[in-house]
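Nothing here was measured: the structure is a model prediction, and the numbers come from that model. Side chains included, hydrogens not; waters and symmetry mates left out as well; all remaining heavy atoms used. Residue numbers begin at 1 in each chain, while the letters A, B, ... track the order of the sequences.
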Amino acid sequence: MNRGVEIRALTKNFVLTRWSGFRRSVSEIVAVDGINLDVPAGQSVALIGPNGAGKSTTIKMLTGILHPTSGEASVLGFIPWRDRRKLAYSVGAVFGLRSQLWYHLPPGDTFELLARIYNLRRPDFIQTRDLLIDRFNLGPFMQTPVRKLSLGQRMRAEVVASLLHRPKILFLDEPTIGLDVIARQELRDLIREWNHNDGTTVFLTSHDAGDIEHVAERVIVVNHGHVVVDGAVDAVRRKYLGSKILRVQFHGTPARIAMAGVTSLSHSEYEWKMQVDTTITPVGQVTAAVLDAGSVADIAIEDPPLEEVIARIYSGDRREESS
Amino acid sequence: MCRSFADYIRLVAAYLRINLNAQLAYRGAFFSEAIAMFVNNGAWVLFWVFFFTRFPVLRGWSFKDVVSLWAICAAGYGIAYCAMGNAHRQLASTITNGELDMWLLHPRAVLPHLLLGRTIPSAWGDWIFGYVVYLAFVRPDARHMAMFVVLSFTVAMAFVGLGIMAGSLSFYVGNAGAMSDQWRDAVITFATHPPALFDGAMKILLFTVIPAGFVSYLPVATLKSMSMRDLFMAFSGALGLLSVSAGVFYHGLRRYESGNLISMNG
Amino acid sequence: MRSSALRYGWIGYTAARSNMAYRGEVLFRSSFLAVILYIFMRLWTVVYAESKNGRIAGMTLPQMLWYLVITEAVFMSAPRIWAEVDQDVRTGRLAVQLIRPLSYTAGHLSRAMGERVVRFAINLIIGSIVALFLVGPIAMSIRGLAMFAVVLPVAFVLDFFGMFLVGLSAFWLESAAGIALIYSRSVMLFGGMFLPLEVYPDALQPVLRILPFASMVSAPGRMFVNPSLALLKESLITQGVAVVAYAGLVSTVQFIAFRRLFSNGG
């Protein structure tokens with residue numbers, strides 16, 4: 001029996017009521033449109049998609065917060081919206097924009113409260129808590145009120161809080177939002193380690209390509225309520241993470257550059273925007289060439305916007321076809 | 001059943017501890033709000049002192065009777081919102097801001113858990129005031145004091161019910177905040193004035209639409225008569241108010257969980 | 001001189017208009033006024049029924065109820081001047097206005113008057129409806145209303161000075177809120193809002209005469225119900241003294257406060 005996540009034809013329609021003055025207009029929005037999915041226990045999955053794609057709605061249904069319009073789902077053998085409380089003992093959740101931690105108190109106080117909420121046996125709780133504090137490097141901050149912690153420290157504490165009751169599945173909704181590069185990498189490593197060492201199933205939603213690359217082994221792309229892509233990270237990496245956008249501003253007019261895998265997106269007298277196929281040419285090489293081409297005033301290396309990439313994937317634009 | 005009650009009491013204690021700690025992190029504000037409420041209530045009792053000096057009896061109500069009414073209301077209100085601060089004004093915004101989600105993730109029944117998540121600083125001034133004033137002005141014997149304590153928890157139950165009912169309006173009507181505050185304030189105002197002032201149609205209203213009757217009139221009658229029957233009535237009334245409001249909340253919660261709360265203006 | 005009078009008039013008018021915009025909120029606040037009025041009308045009805053003659057403190061029951069309408073309307077129309085001044089001190093906006101302290105005060109005054117007039121009018125309308133419904137109209141005359149119209153604005157100005165002083169306490173205290181609460185309750189209790197001052201214990205009478213609160217609340221109330229030249233003379237003298245005293249107090253406190261601002265750098 002699959003003690004992970006099983007979803008069959010899960011559908012969620014929202015009824016939207018608009019009032020203008022006294023007139024009411026009702027429309028129906030399909031947020032999730034008949035999703036099928038199987039996630040075995042212990043797997044780490046990234047759920048990505050643009051805003052409004054249905055990610056948060058799916059997670060809410062899997063945690064029992066929202067009831068579906070139709071379809072079935074089974075999480076750890078439970079039906080989420082029917083056995084919400086029983087399931088909650090085995091589910092951990094971190095929602096990036098909403099905090100579980102009491103703001104004016106040290107994280108330890110919240111941990112104690114959670115032990116009571118989840119009815120944890122004292123010795124088990126202490127053992128798990130100390131293990132987590134050690135693994136997530138919270139030791140130095142245990143006496144510091146949460147409001148004085150940096151965002152990175154706070155997110156680590158949030159994840160620890162969600163793991164205190166040793167859940168079998170962990171849902172993370174945009175956990176790295178607002179974090180600086182180092183804090184992001186730290187958090188990703190910790191989550192991945194926990195997934196490997198403890199066997200906790202991880203369900204991650206994100207806008208960030210790096211999250212996917214470093215945490216997940218499987219990527220599911222959702223758009224307009226459908227599963228658009230479902231595959232191993234490596235496979236999707238080639239399609240999705242294979243390009244970078246390079247934006248350069250020069251002091252003077254630069255020399256021209258022609259390199260394999262480099263496509264010019266826009267070109268003005270002092271400014272360039274180009275797309276680099278990193279499977280053909282590493283972005284470092286292109287950057288070096290750009291720096292040689294003229295006196296650089298500003299340079300930025302970005303991932304292509306998620307919406308654009310997904311639109312490309314959806315419309316069948318494969319990496320193999322370009323170049 | 002007994003075990004889960006004991007378990008819930010432990011949960012209440014844990015939340016009281018963490019709520020108090022959070023308040024003491026900003027103790028200046030906490031104490032000044034509690035004291036301010038004490039002063040505010042004091043002004044009202046002073047008013048009644050002046051009034052009863054001139055008019056010693058008000059339809060059978062003496063100064064001690066009115067002070068008892070104030071005391072039991074303040075004590076009950078204070079206990080209610082010290083322990084269950086989320087039954088106060090914030091319930092409406094908790095619902096409309098989608099903060100219920102966090103509570104739904106925990107392995108607990110939503111309502112009894114969610115209510116514990118906050119304490120109202122001024123409520124601490126209220127319950128201390130209630131007890132102090134009752135002891136100081138009424139000077140009760142042990143029996144009356146014991147009854148007062150029991151009734152203060154009964155009144156607290158009614159206030160929690162009142163708060164849940166007011167806040168749950170947000171499940172059904174968008175900007176219900178101001179309206180529910182007004183309703184709650186009206187009930188409290190009626191509850192702190194002697195029921196002897198009202199008759200006929202008004203009395204019916206006070207046991208239905210403006211349930212001040214269940215909040216304070218039945219309890220204060222019990223305090224006067226000390227009869228078990230009255231105590232049973234008062235307790236049932238408060239329990240009834242609480243149950244009905246819980247029903248309203250859970251009905252609204254079902255709407256919330258089906259996601260049909262989304263509505264926009266214009 | 002004429003142009004600055006026009007300027008302040010314009011400020012007042014704008015404040016009045018912006019208050020009209022919050023009609024919904026005002027309506028809700030007014031429903032609370034209706035509740036309080038109803039309860040106190042019931043209170044006095046019972047008192048009068050149990051009293052021997054038909055007069056208390058020189059007023060019949062209908063007069064007493066209309067007295068309440070006025071005093072309630074006055075009290076509940078008070079804008080939160082103290083909070084604005086407190087805010088100005090805290091944010092340092094006050095420092096910007098330092099150059100012309102008279103215009104700072106005058107600016108606040110005209111805004112306060114604009115807001116207050118509107119709120120009073122709404123409260124008066126609602127209170128009148130309730131009173132008409134319960135006891136019907138009382139005898140009024142053009143002369144009496146004119147006298148009322150003289151006493152009322154002075155009462156408003158007095159209250160403004162009081163709240164302004166409270167706001168200035170922000171220079172020395174962490175928050176003016178505590179003082180503001182005491183001030184507000186003092187106005188309520190010693191201004192004769194629910195009880196005409198004659199009804200208070202004899203021991204208090206001299207104290208009430210010295211305190212300015214009677215001029216803020218009770219004076220307009222009495223003038224509306226029982227206008228007479230003698231009363232007008234008495235009121236204006238009392239109010240006049242109070243205004244002069246307050247103005248002096250405000251200037252002194254402002255002077256000290258601004259000195260402190262200069263020396264502490266704000």
Side-chain angles (χ1 to χ4, degrees), chain A residues 12-21 23-26 29 31 56-57 59-61 63-69 80-81 83-95 97-100 102-106 109-110 112-119 145-147 162 165 167 171 173, chain B residues 3-4 6-30 94 97-114 116-119 121 172-175 250 253-266:
Chain A
K12 183 63 192 169
N13 301 335
F14 287 110
V15 175
L16 198 70
T17 318
R18 262 198 167 79
W19 291 91
S20 49
R23 273 177 39 243
R24 189 176 87 150
S25 63
V26 175
I29 294 178
S56 295
T57 311
I59 301 264
K60 284 187 186 175
M61 286 192 280
T63 48
I65 294 175
L66 211 53
H67 293 208
T69 311
W81 48 90
D83 303 315
R84 180 188 66 85
R85 286 174 66 181
K86 279 192 234 136
L87 176 61
Y89 277 109
S90 309
V91 167
V94 177
F95 290 169
L97 297 166
R98 290 224 190 93
S99 177
Q100 250 199 119
W102 285 61
Y103 195 60
H104 298 291
L105 295 173
D109 286 15
T110 307
E112 290 283 342
L113 181 67
L114 285 166
R116 180 102 306 278
I117 292 174
Y118 284 89
N119 262 320
V146 168
R147 65 187 164 87
S162 70
H165 56 289
F171 289 97
D173 197 13
Chain B
R3 202 168 44 152
S4 57
D7 172 62
Y8 187 67
I9 295 296
R10 275 200 297 269
L11 189 68
V12 173
Y15 267 100
L16 270 173
R17 197 183 315 129
I18 201 173
N19 266 313
L20 210 50
N21 280 337
Q23 289 297 327
L24 291 176
Y26 283 103
R27 55 189 67 196
F30 174 66
T94 301
N97 293 342
E99 283 160 35
L100 281 183
D101 290 354
M102 288 311 306
W103 298 97
L104 286 166
L105 287 169
H106 289 310
R108 296 258 171 193
V110 181
L111 188 60
H113 188 206
L114 138 79
L116 297 173
R118 183 194 303 259
T119 191
Y172 306 97
V173 177
N175 272 323
Y250 277 110
L253 184 65
R254 272 204 296 281
R255 287 187 86 216
Y256 182 92
E257 283 169 336
S258 63
N260 285 330
L261 275 193
I262 308 173
S263 72
M264 288 185 223
N265 285 313

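Of the residues considered (A:Ala115, A:Ala88, A:Ala93), A:Ala88 shows the highest number of contacts with chain B, using heavy-atom pairs under 4.5 Å. Note: A:Leu105 leads A:Thr110, A:Leu105, A:Leu87, A:Thr63 in heavy-atom pairs under 4.5 Å with chain B. Chain A forms the most heavy-atom pairs under 4.5 Å with one residue out of B:Asp7, B:Asn21, B:Leu105, and that residue is B:Leu105. Across B:Ala13, B:Ala22, B:Ala25, the residue that shares the most heavy-atom pairs under 4.5 angstrom with chain A is B:Ala22. Ranked by heavy-atom pairs shorter than 4.5 Å toward chain B, the options A:Thr57, A:Thr69, A:Asn119 are led by A:Asn119.
Summarising the local packing, CZ of B:Arg17 is surrounded by 12 or fewer heavy atoms from other residues, nucleotides or ligands at distances under 6.0 Å.
Taking the six-membered ring where tryptophan is involved, the planes of B:Tyr15 and A:Trp102 are tilted, since the angle between them lies from 30° to 60°.
How far CD1 of A:Ile65 is from OH of B:Tyr256: 7.5 Å, rounded to the nearest 0.5 Å. Rounded to the nearest 0.5 angstrom, A:Arg98 CZ and B:Met102 CE are separated by 8.0 Å.
Of the possible polar contacts, one joining the A:Lys12 side chain to the B:Ser258 backbone as a donor-acceptor pair under 3.5 Å is found.
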What's the verdict on side chain to side chain contact (heavy atoms under 4.5 Å, CB included) for A:Ile117 and B:Arg108, showing C-alpha distance, side-chain angles and the deciding distance?
-> CA-CA 8 Å; A:Ile117 292 174; B:Arg108 296 258 171 193; 4.1 Å; yes
Would you check, one step at a time, whether the test side chain to side chain contact (heavy atoms under 4.5 Å, CB included) holds for A:His104 with B:Tyr26?
-> CA-CA 9 Å; A:His104 298 291; B:Tyr26 283 103; 3.0 Å; yes
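For the pair B:Leu104/A:Arg85, no side-chain contact is recorded, criterion being any heavy-atom separation below 4.5 Å from C-beta on. Contact of the B:His106 side chain with the A:Tyr118 side chain is registered, since non-hydrogen atoms from C-beta on lie closer than 4.5 Å.
Heavy atoms closer than 4.5 Å to chain B are found in the side chain of A:Leu114, but not in its backbone. For B:Asn19, the parts lying under 4.5 angstrom from a heavy atom of chain A are both the backbone and the side chain. Neither the backbone nor the side chain of A:Lys86 comes within contact range of chain B; no heavy atom of the residue lies under 4.5 Å from a heavy atom of that chain. Looking at A:Leu113, only its side chain comes within 4.5 Å of chain B, counting heavy atoms on both sides. Of the atoms belonging to A:Arg84, it is side-chain heavy atoms, and not backbone ones, that fall under 4.5 Å from chain B.
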